[in-house]
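Heads up, the thing below is written out as structure tokens.
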2 protein chains.
Amino acid sequence: MEIAAESAVTHADKTFFRLRKDIVEGVIEAGSKLSETELSTKYDVSRAVIREAINRLTASHLVERRANVGARVVSLSPQGLVELYQVREALEGMAARLAAQNMNQQEIDDLQGLLNDHFDEVKDGQRYYQEAGDVDFHYRIVLGSKNQHLISVLIDGIYHLVRMYRVQFGMAGPRVTTAFDEHRHIVQAIANRDGELAEMLMRRHILYSKNNIERKLLHTSPH
Amino acid sequence: MEIAAESAVTHADKTFFRLRKDIVEGVIEAGSKLSETELSTKYDVSRAVIREAINRLTASHLVERRANVGARVVSLSPQGLVELYQVREALEGMAARLAAQNMNQQEIDDLQGLLNDHFDEVKDGQRYYQEAGDVDFHYRIVLGSKNQHLISVLIDGIYHLVRMYRVQFGMAGPRVTTAFDEHRHIVQAIANRDGELAEMLMRRHILYSKNNIERKLLHTSPH
DNA sequence: GTTAACTAAACTGTCGACAATGTAGGCGTG
DNA sequence: CACGCCTACATTGTCGACAGTTTAGTTAAC
């Protein structure tokens, strides 16, 4: 699932990844306080390591920190989700535009291949698609932009928050076949080297996805 | 110049701001190594404080770090500048769109007022405009988006890098009156609550600005 | 009973020392 | 002379202890 297996060489790295996982998956509750001493005993490392991990989480917008008070896991809210998707729309739209310029033929072919695999899955009625497949698709386009800023802001930052919303608000649902068609059109535009269209389609795709999630939010109790 | 004077309560805060200033303004050379021990004696704080400051700079993309090796100030390159402006275009375009939705009448009036002040300056032929005025204009629109992610990514991150490029490649130059007209049109679109147009105009504005800077880069030796 | 000042506990911020890792220079070998 | 190994040094990573700040609880005054 991870494109390039993130290699954790230092203790702070490992602790950062563990903490992030626990936060994204809700093992550590959204909005809860992160006590440095408590975590340091729990993960069996010194407070300095915990502090560094927390600082990195703060940079990813998964944690908020106040001087002399402490760090809390961010709280999730419909408002926050909307804002997140607005940023996603802007950045991934640009990523699609740049991908149409900068992906080489091999990468485009691979993307087509990925799509075909998805098609088989959708045909077989597998639910599996949504999570891993969707993530993979978006990753490739972002990486295809070849824009280092775009890549790091999305992959190191925003995507983890998106996944946190998905997991904790329990989105798995449908929109599978619809989303598949949207993906197909985006790849088509990229293959045609039409950046303008690719951006437009990607923005629509994310907008629809947002609306879909929002709709669910109103039907399930946001808790 | 700073919208809200950033209040540094802790030593790490102050050191972070001092370091950031020195990096952006080139006092610490782009691409140079940041030695923890050296900085800790120079700024007269412990290494722990320096480490925290460096970590935050890493989050702002002003510094790059490799485990067990150390941190370096980022290197500036035409390529990097282009990528930066692509991200800016996407994010500030979205900011303008949202500002048209979310700014209240008072904020729009103030923005108009700011523009009038600029007009007087431009009329008097002041060069002053470009730096402070331009920054102020863009800040207000970003803040007007009321989108917390957008605000922090741009203001805490990207803008400092932009300024670093401006300072170190020595951009001061013209484009004053032209840019002024572009600003005027953007405000007009926001006042009309036309988010679509505001986004388009902002994107053009930034694109022109990028082209202008790129043109200069080819004429001055980038060193 | 309510408010305010004080006190103590718990937590974060900072420090100096030690451990682990990377780096450069010298040495020997082919 | 070139290459690789080994040693000594410099730098980053990690730790435990202390200092400073916030917070909650208690007491006293009105």
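In what follows, chains carry the letters A, B, and so on, assigned in the order in which the sequence lines appear, proteins first and then strands, with residues in each chain numbered from 1. Only this structure's heavy atoms are used, side chains among them; waters, hydrogens and symmetry mates stay out.
With DNA chain C read from its 5' end, the first of the two nearest nucleotides for A:Val9 and B:Thr10 is the one closest to B:Thr10. Between B:Thr37 and A:Arg47, the residue anchored nearer the 5' end of DNA chain D, judged by the nucleotide with its closest heavy atom, is B:Thr37. Comparing B:Arg51 and A:Ala67 by the nucleotide of DNA chain D that holds the closest heavy atom to each, the one mapping nearer the 5' end is B:Arg51.
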Any N/O pairs under 3.5 Å between the protein and nucleotides 23-25 of chain C? List them or say none.
none

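Between the side chains of B:His160 and B:His61, no donor N or O sits under 3.5 Å from an acceptor N or O. Between the side chains of B:Gln106 and B:Asp110, at least one donor-acceptor pair of N or O atoms lies under 3.5 Å.
Within the 3.5 Å criterion, the main-chain N or O of B:Thr37 finds no donor-acceptor partner in the side chain of B:Arg47. Between the B:Ser209 side chain and the B:His205 main chain, no donor and acceptor come within less than 3.5 Å of each other. Using modelled atom types, no side-chain atom of B:Ser145 and backbone atom of B:Ile141 make a donor-acceptor pair closer than 3.5 Å.
Across all strands shown, A:Ile50 has no heavy atoms under 4.0 Å from either base or sugar-phosphate atoms. Residue B:Ile54 is classed as having no contact, given no heavy-atom separation below 4.0 Å to the nucleic acid.
Summarising the geometry, the separation between CG on A:Asp13 and C1' on C:dA20 is reported as 15 Å, rounded to the nearest angstrom. Between A:Leu39 atom CG and C:dC11 atom P the separation is 12 Å, expressed in whole Å. Rounded to an integer number of Å, the gap from A:His11 NE2 to C:dA20 P is 10 Å. As a whole-Å value, the separation of B:Lys33 NZ from C:dG22 P is 13 Å. The interatomic distance linking A:Leu34 (CG) with C:dT12 (P) rounds to 9 Å, in whole Å. One atom, CD of A:Glu64, and another, P of C:dT12, lie 16 Å apart when rounded to the nearest Å. Following rounding to the nearest Å, B:Glu36 (CD) and C:dA17 (C1') show an atom-to-atom distance of 15 Å.
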Pair B:Ile155, B:Leu143 - check side-chain contact (heavy atoms from CB on, under 4.5 Å), show working. CA-CA 9 Å; B:Ile155 291 185; B:Leu143 291 174; 3.9 Å; yes
Ignoring hydrogens and angles, write down the donor-acceptor pairs under 3.5 Å from the side chains of residues 89-98 of chain A, residues two or more places apart or on other chains.
residue: A:Glu89; atom: OE2; partner: A:Arg203; partner atom: NE; Å: 3.0
residue: A:Glu89; atom: OE2; partner: A:Arg203; partner atom: NH2; Å: 3.1
residue: A:Glu92; atom: OE1; partner: A:His138; partner atom: ND1; Å: 2.7
residue: A:Glu92; atom: OE1; partner: A:Tyr159; partner atom: OH; Å: 3.3
residue: A:Glu92; atom: OE2; partner: A:Arg88; partner atom: NE; Å: 2.7
residue: A:Glu92; atom: OE2; partner: A:Arg88; partner atom: NH2; Å: 3.0
residue: A:Glu92; atom: OE2; partner: A:Tyr159; partner atom: OH; Å: 2.9
residue: A:Arg97; atom: NE; partner: A:Glu199; partner atom: OE1; Å: 2.4
residue: A:Arg97; atom: NH2; partner: A:Glu199; partner atom: OE1; Å: 2.8

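A salt bridge links B:Glu52 with A:Arg51: the closest approach of a Lys/Arg side-chain nitrogen to an acidic carboxylate oxygen falls below 4.0 angstrom.
Bracketed by its first and final contacts, the part of DNA chain D lying under 4.0 Å from non-hydrogen atoms of chain B reaches from D:dT11 to D:dT14 in 5' to 3' order.
For A:Arg65, counting side-chain heavy atoms from C-beta on, the closest listed nucleotide (C:dT14, C:dG13, C:dC11) is C:dG13.
Closest non-hydrogen pair, B:Val87 versus B:Ile158, comes out as CG1-CD1, 3.4 Å.
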